[in-house]
Amino acid sequence: MADKYQLSEGSLRVIMSGGKVEDAIMQVLGTKRIASGSSSDKERYRLLLSDGKYLISFAMLTTQNNDKIVNGELSDNSIIKIKKYITSVINNVGKVNKRVLVILEMETLVPGHKSSKIGSPEQLPEDDSEPLPSETKNNTVSSSTSSTVPQVNGSHRNDTDVNMSMQDQLTHPISSLSPYQNKWVIKARVSNKSSIRTWSNSRGEGKLFNMDLIDESGEIRATAFRDLVDKFYDLIEVDKVYYISKCQLKIANKQFSNLNNDYEMTFTPDTIVQECHDVVDSIPQTRYDFISIDKIAHIEVDTMIDVIGVCKSASDVQMFQARSTGRDLKKRELTLVDQSNNSIALTLWGTEAETFDSASQPVIVIKGARVSQFGGGKTLSTNASTVMKINPDIPEAHRLRGWFDNEGISKTTVNISARSEGGGSQTQWINVKDVQEMGMGQGDKGDYFQVVGTILLYRSENGIYKACPKEDCKKKAADQGNGMYRCDKCNREYPNFKYLLLGSANIADWSGNIWLSLFSSEAEKVLGMSSQAVGEAIENDSQALVEIADKAHFKEFIFKCRSKMENYNDENRLKTVALRVDPVNYKEYNSYLISQINELLN
DNA sequence: CCCCCCCC
């Protein structure tokens with residue numbers, strides 16, 4: 001198998017003197033993990049690389065390729081094709097300049113175990129080409145890429161000296177920045193810029209803003225503080241490309257950023273930022289590491305993730321006071337769904353919540369949402385550093401749109417934000433006959449349980465009423481006969497009302513049947529219609545609910561219920577309310593059945 | 001040097 005491929009002999013000599021070789025075929029003779037600065041760092045790997053004639057030990061993989069080593073695809077003797085690379089000359093004080101090869105994109109042609117060492121490659125001699133003038137002059141770094149080699153022609157421009165000094169220089173890939181090497185210039189696109197934020201705490205006060213910088217090799221977050229905010233905030237514009245140098249690097253705190261970099265930068269008084277006016281198509285817009293929604297169920301709370309989903313529905317804006325700060329808050333909860341047929345709630349805040357419009361069911365792309373947990377389900381929340389894009393022009397968004405419009409729209413989804421009653425612990429599964437037999441509803445708080453049941457009969461009589469229009473008030477409104485509706489609870493009259501369903505259904509499983517009352521929101525799910533739509537249908541045809549209810553018959557759901565004994569006319573009656581109705585989550589239900597079977601076997 | 005982002 002290995003005979004199929006001929007190594008690109010001599011290509012290392014070209015590449016390592018700044019030249020360009022397309023799709024060079026090389027052999028990996030060794031891999032070595034580079035000691036990292038901290039335990040939170042991503043591992044970095046250095047390769048011993050041969051072109052059959054020469055070998056170099058200064059080859060590095062960008063961390064995006066690490067999985068190839070971890071999964072064993074890339075091992076000793078593997079033959080690879082180098083599809084995209086950058087070289088950088090690193091200045092070692094008092095020593096000869098060293099050129100490093102950074103592999104951005106590669107493909108494994110033959111795995112190591114199916115190959116053996118080819119030829120007798122020798123150490124590539126030290127760079128024998130004359131160093132570029134800018135390298136000597138600025139005592140700094142340079143690089144060339146396989147796709148865009150910056151032109152050293154600044155002397156013919158009418159720019160100022162400062163401009164020329166920046167633009168003449170060859171640049172350094174973001175993925176190779178580290179705190180141990182501070183002579184560099186990057187050429188990066190600003191993919192996101194925060195607003196100016198002020199802080200005040202025990203260590204002082206000030207203002208700051210962050211930006212996300214991106215190039216072909218990777219991305220990094222940069223922050224400017226205090227007077228540097230005044231100096232740079234207006235200069236830096238989103239989507240523009242800049243030459244940036246002389247920032248301080250430090251270990252990134254992963255808790256607050258989802259950028260794929262172990263480090264982040266801080267602007268200093270020496271920092272230089274200069275706009276790049278060339279047309280630079282090679283620098284990407286934004287990098288995403290999308291996590292499919294079903295996988296979020298297993299992701300640790302407080303992790304920052306990127307996600308893409310169709311906004312299937314959204315709540316209205318809700319206003320409340322923060323318990324801790326007393327501040328007035330506004331939120332809106334979106335339901336996102338993707339090809340995994342799972343859905344998750346995403347909370348937007350403030351202005352973003354107010355202005356969001358879900359009517360067209362747009363594709364939402366989020367970079368850096370925080371995973372949180374509520375009532376046993378997982379949810380997502382945006383924060384100050386989150387970037388949200390609506391219907392962005394990226395392939396993933398078009399693919400998702402196509403899926404949703406064609407099939408996703410009609411599929412039932414598993415809601416991973418669903419909460420189980422009782423403080424996050426699993427609600428007990430029971431059979432319908434047990435509701436009576438277990439003596440449910442004796443306590444004053446009632447008993448909670450869930451059943452899987454089929455609707456035998458949905459009662460259509462008195463299934464709807466005109467309620468107080470105030471949000472969250474469910475009181476029946478009295479028609480005053482003059483176009484006004486009176487709510488006794490709010491003690492006022494309104495010119496309007498809202499329809500609410502008064503659901504009642506008989507559901508059955510193998511063991512028996514039981515009558516349930518349903519909250520309006522849950523009755524809507526069973527009927528597949530909003531209360532308002534049902535109300536309007538009845539206005540046109542008083543018997544409309546009979547037909548609507550008939551469509552719900554023989555449908556199967558999970559009913560999460562509360563049973564409580566109530567006293568009616570001196571007679572005790574067990575009342576059971578379906579607090580929540582969901583499509584059957586077979587994964588969850590089957591694991592319950594399996595545990596039951598195991599119990600029987602023991 | 002921020003990094004709070006809230007609630008059910």
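Below, chain A is the first sequence line, B the second, and so on; all start at residue 1.
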TODO: Cation-pi check, K525(A) to F519(A): give yes when NZ or CZ is under 6.0 Å from the six-membered ring centre and within 45° of the ring axis, no otherwise.
DONE: no
Open item on the list: Does the structure place the NZ or CZ of K476(A) under 6.0 Å from the centre of the six-membered ring of Y465(A), at an angle of no more than 45° from the ring's axis?
Closed with: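 Negative - K476(A) is either too far from the ring of Y465(A) or too far off its axis.
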- [ ] Tell me, please, which residues at least two apart from S313(A) pass side chain to side chain contact (heavy atoms under 4.5 Å, CB included).
- [x] T335(A)
- [ ] Using a strict cut-off of less than 4.0 Å between a Lys/Arg side-chain nitrogen and an Asp/Glu carboxylate oxygen, indicate whether K250(A) and E264(A) qualify as a salt bridge.
- [x] yes
Open item on the list: Can you confirm whether K231(A) is buried at NZ, in the sense that more than 12 heavy atoms of other residues, nucleotides or ligands lie under 6.0 Å from that atom?
Closed with: yes
- [ ] Compute whether any side-chain donor of one residue and acceptor of the other, for S292(A) and Q339(A), lie under 3.5 angstrom apart.
- [x]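 There is no such pair between these side chains.
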TODO: Consider only side-chain N and O atoms of T286(A) and K389(A), and report whether a donor and an acceptor are under 3.5 Å apart.
DONE: yes
TODO: Using the heavy-atom set of chain A and a strict 4.0 Å cut-off, write down the first and last nucleotide of DNA chain B that makes it in, 5' to 3'.
DONE: dC1(B) to dC8(B)
Task: Strand-adjacent residues in residues 220-233 of chain A, judged by heavy atoms under 4.0 Å from DNA chain B - done: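 The stretch gives R221(A), T223(A), F225(A), R226(A) as the residues lying under 4.0 Å from the strand, ordered by number.
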Open item on the list: Near DNA chain B, counting only heavy atoms under 4.0 Å, which residues of residues 195-210 of chain A show up?
Closed with: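 Of all residues in residues 195-210 of chain A, the ones placing a heavy atom under 4.0 Å from DNA chain B are R197(A), W199(A), N201(A), R203(A), L208(A), N210(A).
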- [ ] Answer with base, sugar-phosphate or nothing: what part of the nucleic acid does E264(A) contact at a heavy-atom distance below 4.0 Å?
- [x] base
- [ ] With heavy atoms under 4.0 Å as the rule, sort S257(A) into base, sugar-phosphate or nothing.
- [x]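 Since no nucleic acid heavy atom lies under 4.0 Å of S257(A), the category is nothing.
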- [ ] State which residues pass salt bridge (charged side-chain N to carboxylate O under 4.0 Å, His left out) with D289(A); sequence neighbours excluded, sorted by chain then number.
- [x] none
Task: salt bridge (charged side-chain N to carboxylate O under 4.0 Å, His left out) partners of residues 341-359 of chain A, not counting sequence neighbours, each pair once - done: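 Every salt bridge (charged side-chain N to carboxylate O under 4.0 Å, His left out) pair that includes a residue of residues 341-359 of chain A, provided the two are not neighbours, is K330(A)-E354(A).
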Task: Separation of Q321(A) CD from D328(A) CG (nearest 0.5 Å) - done: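 Reported value, rounded in 0.5 Å steps: 5.0 Å.
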